[in-house]
Amino acid sequence: MTFDDLQLLPELLTALHATGYESPTPIQQQAIPYVLDARDLLGVAQTGTGKTAAFTLPLLQRLHLSRPTNQPSGPRAVRSLILTPTRELAIQIGESFATYGQNLKLRHAVIFGGVSQHPQVEALRRGTDVLIATPGRLIDLINQGYVDLKRLEIFVLDEADRMLDMGFINDIRRILPLLPKQRQSLFFSATMPPTIQQLADSILRNPQQVAVTPVSSTAEKVEQAVYMIEKTDKPYLLLEVLSNPELRRVLVFTRTKHGADRVAKGLTAKGIVAEAIHGNKSQNARQRALQNFKSGETRVLVATDLAARGIDVDELSHVVNYELPNEPETYVHRIGRTGRAGAEGMALSFCDAEERAYLQDIQRLINREIRVVDNHSYANNDVAPVPLKGPNITKPKGPAGRPPRPGRGGATGGAGSKAARGAGAGHARPATAPRHNQDSRSKASSPGQSAPVAGTGKPRPNNNSRPGRRRRRD
DNA sequence: AAAAAAC
């Protein structure tokens, strides 16, 4: 199937061909006809599935066709609103409109916080057909009287589950009554728990439902490996791993903003072009860092989970989990940044003794064992591999505030346990080569030669660590 | 405990 089969306008097809896209992804195949047909849509999909184009293309087409022929002399009204949780996603969606709408005479504006509102207000004054916004700044500008949504035709709520996670539910509730009842609504979410379903029910009318690849299955497309390692060796291992030129464009995830800064600084000190991106940076610095990374100026971007979802970088060869996330879903989102659009991608994770429980949760979620690399310079034999079927370490949806009991509770049914080290030649293969290339392993810098990228903690005797224990969350 | 988002 090609885009030509989707009844899209020639202007859109030309733009698509210019960008090199030929065949629609599953969500595009399913969603575009419904949206063109003015139906409400419930899309269960995460970014990376082609979701943005799935609504951008038909939305542009509908707006183009419904555009008043005798355009009044005043500024054009906002006819479509797209709400999205993070500023970077808003910008990215704006770029998508610019690309696909290049041959149409429609305007779009992107509004979000952290930057001066004046250019955004100016864009609204001039008039825009499409408004892409994060909730806070949108409400801000609505309150100041700069946004009129009375002529709205199409409303898109993107990443609804993330919106709720981030506490945007009240903002959404304030915006909804400002929209005309008579409208088309598109609702996208990666997951569909009851609260999200309720929100969807309150927004959509007689929706068509479209679902593609549940979150956990994207993990199957990305080759994954894990290094069992001491926490204090992570800076050295990162240098070793990055000494392999196959890691052309690398996104490194840390758990904290401070950690992201430290790692980026340490890499820079070692002559590796790296930048950090996180929520404590100014919006300008965030955009600059992302831009430099996308353009290839920066080889390594060190990020918090700000960049875990949605950020779309072409030719991202590797994701490195310098620290494992405690939410297993976050792991899936992180590694989903690579291996996109059919490209090869690889995810490398550094797991210290304290993170074993997280690794186990991750393996349970993706329902497979992650290959352990045991031939690297810093292999820590005291950090035992983590079998897929082990004792339940976290209560799946347990009541908050109570630390789960370690070491108790049997495996929740299921077949026997393979050793995590994997069978056959798999584990002897270098972790940094996505497919073949047995001999491409880097000349590792030895521990004595290189200074650490960043000290992330004090050495800790292993018998003090409590791998089975997960920290209290409340 | 961390992260994101309005001023």
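Just so it is clear: chains get the letters A, B, ... in the order the sequence lines come, proteins before strands, and each one is counted from 1.
- The main-chain N or O of Ile335(A) is never found under 3.5 Å from a side-chain atom of Thr338(A) such that the two would form a donor-acceptor pair.
- For residues 160-169 of chain A, proximity to DNA chain B is found at Met166(A), Phe168(A), defined as any non-hydrogen atom under 4.0 angstrom from a strand atom.
- Set against dA4(B), dA6(B), dA2(B), the side chain of Phe112(A) has dA6(B) as its closest nucleotide.
- For Thr304(A), a side-chain nitrogen or oxygen approaches OP1 or OP2 of dA4(B) to under 4.0 Å.
- Judged purely by distance below 3.5 Å, without hydrogens or angles, the side chains of Glu88(A) and Gln92(A) never pair a donor atom with an acceptor atom.
- Going from atom CG of Leu306(A) over to atom C1' of dA2(B) covers 12 Å, rounded to whole Å.
- For the pair Arg334(A) and dA3(B), the criterion of a side-chain N or O lying under 4.0 Å from OP1 or OP2 is not met.
- Across all their heavy atoms, Ser189(A) and Ile196(A) have their closest contact at OG-CG2, 3.7 Å.
- In this structure, of dA6(B), dA2(B), dA5(B), it is dA6(B) that holds the atom nearest to the side chain of Asp140(A).
- Between His333(A) atom NE2 and dA4(B) atom P there is a gap of 16 Å when expressed in whole angstrom units.
- Under 3.5 Å, the side chains of Asp161(A) and Thr191(A) contain a donor-acceptor pair of N or O atoms.
- If you take CZ of Arg286(A) and C1' of dA4(B), they are 8 Å apart, rounded to a whole angstrom.
- For the pair Asp261(A) CG and dA2(B) P, the interatomic distance rounds to 15 Å; values are reported in whole Å.
- No N or O donor and acceptor, one from the side chain of Asn326(A) and one from the base of dA2(B), sit under 3.5 Å apart.
- At whole-Å resolution of the value, CD1 in Ile91(A) and P in dA5(B) are 10 Å apart.
- Distances from the side chain of Glu88(A) to the nucleotides dA2(B), dA6(B), dA5(B) place dA5(B) closest.
- Atom NE2 of His258(A) and atom P of dA2(B) are 12 Å apart (whole Å).
- The phosphate of dA4(B) (OP1 or OP2) has no side-chain N or O of Arg87(A) nearer than 4.0 angstrom.
- Counting only heavy atoms from C-beta on, Thr134(A) has its side chain closest to dA6(B) among dA4(B), dA2(B), dA6(B).
- Between the CD1 atom of Ile139(A) and the C1' atom of dA6(B) there is a distance of 9 Å, rounded to whole Å.
- Residues meeting the salt bridge (Lys or Arg N to Asp or Glu O under 4.0 Å) test with Arg162(A), sequence neighbours left out: none.
- Atoms CG (Asn143(A)) and P (dA6(B)) sit 13 Å apart, rounded to a whole Å.
- For the 3.5 Å distance criterion, the side chains of Gln224(A) and Tyr331(A) qualify, holding a donor opposite an acceptor.
- The backbone N or O of Asp352(A) lies less than 3.5 Å from a partner atom in the side chain of Glu355(A), making a donor-acceptor pair.
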